[in-house]
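The structure appears below as C-alpha cells.
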2 protein chains.
Amino acid sequence: MGRRITALEVAKEAGVSRSAVSLVLNGRADGFLAKDTQERIREVADRLGYRPNLLAQSLRNQRSKVIGIMSDRAVGGAFDGAIIAGADAVAREAGFMTLAADTGGEPEKAEPVARLLLDRAVEGLIYLTVGLHETRVVDSFLRVPAALANCYPTADSPAAASLLPVFIPDEPTGGRVAAEHLIALGHRRIAFLRGDDDSPASFLREDAFRAAMGNAGLPVREEWVRHGGFRTRPAYAAATAVLEGPADRRPTAILAGNDRAAVGVILAAANLGISVPADLSVVGYDDEAALADLMVPALTTVALPLQEMGRRAMASVLARLEPEAAPAPTSPPAQVLLPCPLVERESTAPPPT
Amino acid sequence: MGRRITALEVAKEAGVSRSAVSLVLNGRADGFLAKDTQERIREVADRLGYRPNLLAQSLRNQRSKVIGIMSDRAVGGAFDGAIIAGADAVAREAGFMTLAADTGGEPEKAEPVARLLLDRAVEGLIYLTVGLHETRVVDSFLRVPAALANCYPTADSPAAASLLPVFIPDEPTGGRVAAEHLIALGHRRIAFLRGDDDSPASFLREDAFRAAMGNAGLPVREEWVRHGGFRTRPAYAAATAVLEGPADRRPTAILAGNDRAAVGVILAAANLGISVPADLSVVGYDDEAALADLMVPALTTVALPLQEMGRRAMASVLARLEPEAAPAPTSPPAQVLLPCPLVERESTAPPPT
DNA sequence: TTGAAAGCGCTAACAT
DNA sequence: ATGTTAGCGCTTTCAA
C-alpha cells in the first residue's frame with residue numbers, strides 16, 4: 001500500500017510553501033500568487049497524484065461534509081434502499097457523502113448508532129423507516145440538523161422532536177386517487193382489502209377509499225371491506241372469499257392494501273378462473289420495485305414517493321447547513337406530505353358489461 | 001448545536017493531564033495510573049458525556065476503521081443490499097464502519113468514486129455487482145486490501161487484479177442441484193428456460209442442467225431448452241410456447257432462468273389451466289427476497305449466497321488489515337465459489353402419474 | 001507574494 | 001504516577 005502524497009511534498013517539489021499549495025487548491029490564491037506559480041503548483045499536484053486527506057481537512061475545518069442516514073431495518077431492503085438512493089443523490093450533488101447505518105430493527109439501538117455517526121462527525125442526520133410509522137426520536141437527533149423520512153415522532157419523543165421536518169407519503173390523496181381511478185373507469189362494485197393493522201397507512205388508505213366512494217355517491221358494501229394484510233397469502237385468502245359466487249354478485253374491482261396483497265388477489269382470481277382485467281380490475285399500492293411491473297398483467301398501483309422522501313429530507317438538512325446556498329423557506333412546515341401518483345398499467349379496465 | 005466535550009476538558013475536570021485521560025480510555029493505564037484515578041477519570045468522562053472524536057483518532061492513528069463498499073448500480077436494490085448487509089455485519093462485528101457508494105451504472109465512474117473513498121481514508125475496498133459478471137478492476141483497488149463480490153476481473157484489468165480475492169456463487173453446483181431435485185422427484189420431461197444472454201450465470205446454469213440430465217441418463221429435448229430471459233414477460237411467452245399441447249406431450253417440470261422468469265412460468269401455467277405443482281413443477285433461481293416466498297404457490301428455488309458473499313469479502317479484507325486477529329489461510333485461493341442451497345417450497349412435487 | 005506559526009482533537013514516546 | 005511534547009495533514013491568520 002503506497003504512501004499518499006501530502007501537500008508538503010507537493011510544495012517542496014514545486015519549490016513553494018505549503019500554504020501556497022493550500023491556497024491554490026482551495027481557489028483562494030488569486031491576487032496572492034502569480035498566475036504561473038499557481039499553474040506550476042497545480043501541475044505538480046497532478047503529476048504527483050496529490051489528493052487532499054479529507055479526514056485532516058474535516059478536522060481542521062470542523063466540517064466533515066458527511067451526513068448520517070439511519071434506517072430502522074437492515075440497510076438493503078428495496079424500500080429503504082430507494083429512500084437512501086434519493087438522499088444520497090442530493091448529498092453528492094452538494095459535495096457531501098452519506099454514511100449509512102441501521103438499527104437492525106432494535107429501537108434501543110437507535111441512540112448508540114446515532115452517537116457512532118456523530119462520533120464520525122456527521123454534520124446532519126436523517127432517520128428513515130421501511131414502512132410508514134411512528135418512531136421515537138432519540139436525543140442525538142436534536143444535536144445536528146436532522147429530518148425524518150417515512151416516519152414521524154411519537155408523543156414520547158423529546159419535545160424538540162416535534163420541530164423536526166417530516167417527509168411522508170400523502171396516503172389520503174393516494175388512496176383517493178386509486179379509488180377514483182376505478183370509479184372513473186365505471187366500476188361501482190368495488191372491494192377494499194385493508195393492510196396490516198399495525199400500519200397507519202392501512203387506515204389512511206381505507207378512509208380515503210370510503211371518502212372517495214361517498215363523494216361519488218357509491219355505497220360501501222361492508223362485506224367487501226375486509227382485512228387482507230400486507231402479504232400475498234392472507235390477501236389471497238381474503239380475495240378468494242370476496243370473489244366466490246356468481247359474476248353478477250361479486251365486485252368488479254378490488255383495491256388491495258399494497259402490491260404484495262394485490263399479487264395475492266391476481267393469483268386468487270387466476271385460480272378461480274376470473275380474468276384480470278377483463279372480469280376484475282385490481283389496484284395495488286407502493287409500486288414495489290420488481291413486483292408491480294413484473295406481474296402479468298402488470299399491476300396498476302399507487303407509487304410511494306420513496307426517492308422523493310429521501311431527496312427532500314436531505315435537502316432540508318443541507319439547507320440548514322448551508323443557509324446561503326439553498327435558502328430554506330421562511331418557516332419550513334414541520335410535516336410535508338409528498339404526492340403518491342397513480343401508475344396505470346394493465347390490471348385495471350372498465351368493468352364487464 | 002452544542003459543542004462537544006474534548007479530552008482536555010475531561011482532564012481539567014478530573015484534575016489530571018490529558019494523556020492520563022487518553023491512557024485510561026484506551027485501556028493502557030494499568031500499571032501507570034492508580035485504580036481510583038482511573039475510576040475517577042471514567043466517571044468524569046461519563047458525566048460530561050465525553051466521546052472521542054473519531055476523525056481526530058483516525059488522523060492520529062492512521063487508522064480510520066472504515067471500509068469502502070462500491071456497487072455497480074444505485075445502492076438500494078435488493079441484491080446489492082443483501083451483499084452490503086452481510087459485509088456491514090462483519091465489519092461492525094470487528095469495530096469497523098462501512099462507507100457505501102455506487103457508480104450509478106457508469107463504469108467510468110468507478111475510479112473517481114474509489115478515489116473519493118480513499119480520500120476519506122478507507123482502509124479497504126470491496127466491489128460488488130448486482131448480477132454476476134466481469135468487471136474491470138480500477139487501479140485504486142490495488143492500493144489497499146480489497147475484494148470482489150459477485151464479480152470477477154476482466155482480462156483488461158491491471159495484472160495485479162488477478163490476485164484479488166473473488167467471492168461468487170457456485171452456479172454450476174446450484175444449477176445441478178436444481179435439476180437433481182426435479183429428477184429425484186421422478187420428473188423425466190424437464191424443460192429449461194435460459195436467462196439473459198449477457199449473463200454468465202445463464203450459461204453456467206444451462207450447462208449444469210445438461211450435465212445433470214446426462215448423469216441421470218435422461219435425454220435433453222432441445223425444443224424444451226429455450227431462451228426465457230430474466231424477466232417475467234418473456235418467460236411467460238416462452239413458457240406458454242413450451243406448455244401448449246396435450247398433457248402427455250409437454251414437460252412435467254420447468255427450470256426457469258431466475259425467480260422472475262419462474263413467476264412468468266407460474267402465471268403462464270395458471271393462464272393455461274395447468275395447476276402448479278400438481279401438473280407442473282417449477283423451480284426458480286436467486287431466492288429473490290419478497291418474490292419467491294411470496295408467490296402462491298411459494299416458489300422452490302436455488303438461493304444465491306448474497307449475504308455470504310458480502311460477509312466473506314469483508315472478512316478477507318479485514319484479515320489482511322489485522323493479521324493477528326483473523327489469521328488468513330496460508331494461501332487464500334483467488335476465487336471462492338460459495339454454495340447455492342436449494343430452497344424447497346411449494347412449487348415442486350412429483351410428476352402427475 | 002511568501003513563509004512561519006498556531007491549532008483542529010487525539011495518541012504515544014519521553015522526561016519528570 | 002504524571003505532565004510535556006511532538007506530530008497526524010490540513011487551513012488560515014499574520015508578519016516579513
Taking A:Asp156 first and then A:Arg136, would you say they form a salt bridge - that is, a charged N and a carboxylate O separated by under 4.0 Å?
yes
Using whole Å, what does the distance between atom C1' of nucleotide C:dT11 and atom CG of B:Leu25 come to?
12 Å
Among C:dT1, C:dG9, D:dT2, the one nearest any side-chain atom of B:Thr6 is C:dG9
Below 4.0 angstrom, N of the basic side chain to O of the carboxylate: do A:Asp88 and A:Arg311 qualify?
no
To the nearest Å, give me how far apart CG (A:Asp119) and P (C:dG9) are.
14 Å
Is B:Lys12 salt-bridged to B:Glu9, cutoff N-O under 4.0 Å?
no
Which whole-number value in Å describes the distance from A:Ile5 CD1 to D:dC8 P?
15 Å
Rounded off to whole Å, could you give me the CG-to-P distance for the B:Leu55 and D:dG7 pair?
22 Å
Has A:Glu134 got more than 12 heavy atoms of other residues, nucleotides or ligands less than 6.0 Å from its CD?
yes
Would you indicate whether the side-chain heavy atoms of A:Val336 and A:Arg312 approach each other to under 4.5 Å?
yes
Does a sphere of radius 6.0 Å around CD in B:Glu106 hold more than 12 heavy atoms from other residues, nucleotides or ligands, not counting ones at 6.0 Å or beyond?
yes
Based on the rotation axes of five pairs at each end, what angle does the helix from C:dT1-D:dA16 to C:dT16-D:dA1 bend through, to 10°?
60°
Nearest whole Å is fine: how far is D:dT2 C1' from B:Leu8 CG?
15 Å
Give a yes/no on whether any side-chain N or O of B:Asn53 is located under 4.0 angstrom from OP1 or OP2 of C:dC8.
no
Here the distance between atom P of D:dA1 and atom CD of B:Gln38, to the nearest Å, is 9 Å
Between B:Asn150 and B:His133, does any side-chain donor sit less than 3.5 Å from a side-chain acceptor?
no
Taking 4.0 Å as the cut-off, does a side-chain nitrogen or oxygen of B:Gln57 come that near to OP1 or OP2 on C:dG9?
no
Ordered by number, residues from residues 12-22 of chain B within less than 4.0 Å of DNA chain C (heavy atoms) are B:Ser19, B:Ser22
Would you say B:Glu123 and B:Glu322 make side-chain contact, with heavy atoms under 4.5 Å?
no
For B:Thr37 and for A:Leu54, locate the closest nucleotide of DNA chain D by heavy-atom distance; then report the residue assigned to the nucleotide nearer the 5' terminus.
B:Thr37
If you take any heavy atom closer than 4.0 Å to DNA chain C, which residues from residues 60-68 of chain A end up in contact?
A:Arg60, A:Gln62
Let me know the distance between CG of A:Leu59 and P of C:dT11, rounded to the nearest Å.
12 Å
Please determine whether a side-chain nitrogen of the Lys or Arg among A:Asp139 and A:Arg115 lies less than 4.0 Å from a carboxylate oxygen of the Asp or Glu.
no
Check B:Glu43 with B:Arg47, please: is the shortest side-chain N to carboxylate O separation under 4.0 Å?
yes
Assess, by modelled atom type and distance only, whether the side chains of A:Ser71 and A:Asp102 contain a donor and an acceptor separated by less than 3.5 Å.
no
Round to the nearest Å and state the distance from A:Leu23 atom CG to C:dT2 atom P.
10 Å
For the residue pair A:Arg18 and A:Ser22, confirm or rule out a side-chain donor-acceptor distance under 3.5 Å.
no
Between D:dT12 and A:Arg28, is there an OP1 or OP2 to side-chain N/O distance shorter than 4.0 Å?
yes
